[in-house]
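Read through the structure below, which is laid out as structure tokens, and then see the notes.
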Amino acid sequence: MFKYLFLILLLLIFVAPLRRFLFWLIVGRQIVNEQKKYQKSQNPPQRPEGEIKVDYIPKKTIIHLLQVVNMLTMKKSSSFL
């Protein structure tokens with residue numbers, strides 16, 4: 001019995017393809033799955049061709065922008081007088 005265990009141990013230590021295969025069986029598939037999950041989270045879903053994406057601008061922001069533009073135009077018109 002000891003001879004068989006010793007032989008298996010020697011194979012594991014000195015035969016690189018066997019070590020790589022056992023590592024792949026134990027860990028490799030899990031790493032591949034994690035990489036796929038990461039890649040899916042990094043790539044946004046593809047939109048159909050021709051679809052237009054519009055960013056939402058809150059109403060308060062639009063009003064604020066209009067006020068700033070109005071103030072700037074008032075400064076310009078007052079500087080001409």
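On a predicted model such as this, the values are computed, not experimentally measured, just so you know.
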Going from CD on Gln35 to OH on Tyr38, what distance comes out if it is rounded to the nearest 0.5 angstrom?
-> 11.0 Å
Out of curiosity, Phe2 CZ to Leu7 CG, how far, rounded to the nearest 0.5 Å?
-> 11.5 Å
Sequence neighbours excluded, the answer for salt bridge (charged side-chain N to carboxylate O under 4.0 Å, His left out) partners of Lys36 is none
Using residues 14-32 as the side-chain source, report each donor-acceptor pair under 3.5 Å to any protein atom, sequence neighbours left out, with the distance given to one decimal.
{"residue": "Arg19", "atom": "NH1", "partner": "Ile13", "partner atom": "O", "Å": "2.3"}
{"residue": "Arg29", "atom": "NH2", "partner": "Leu25", "partner atom": "O", "Å": "3.3"}

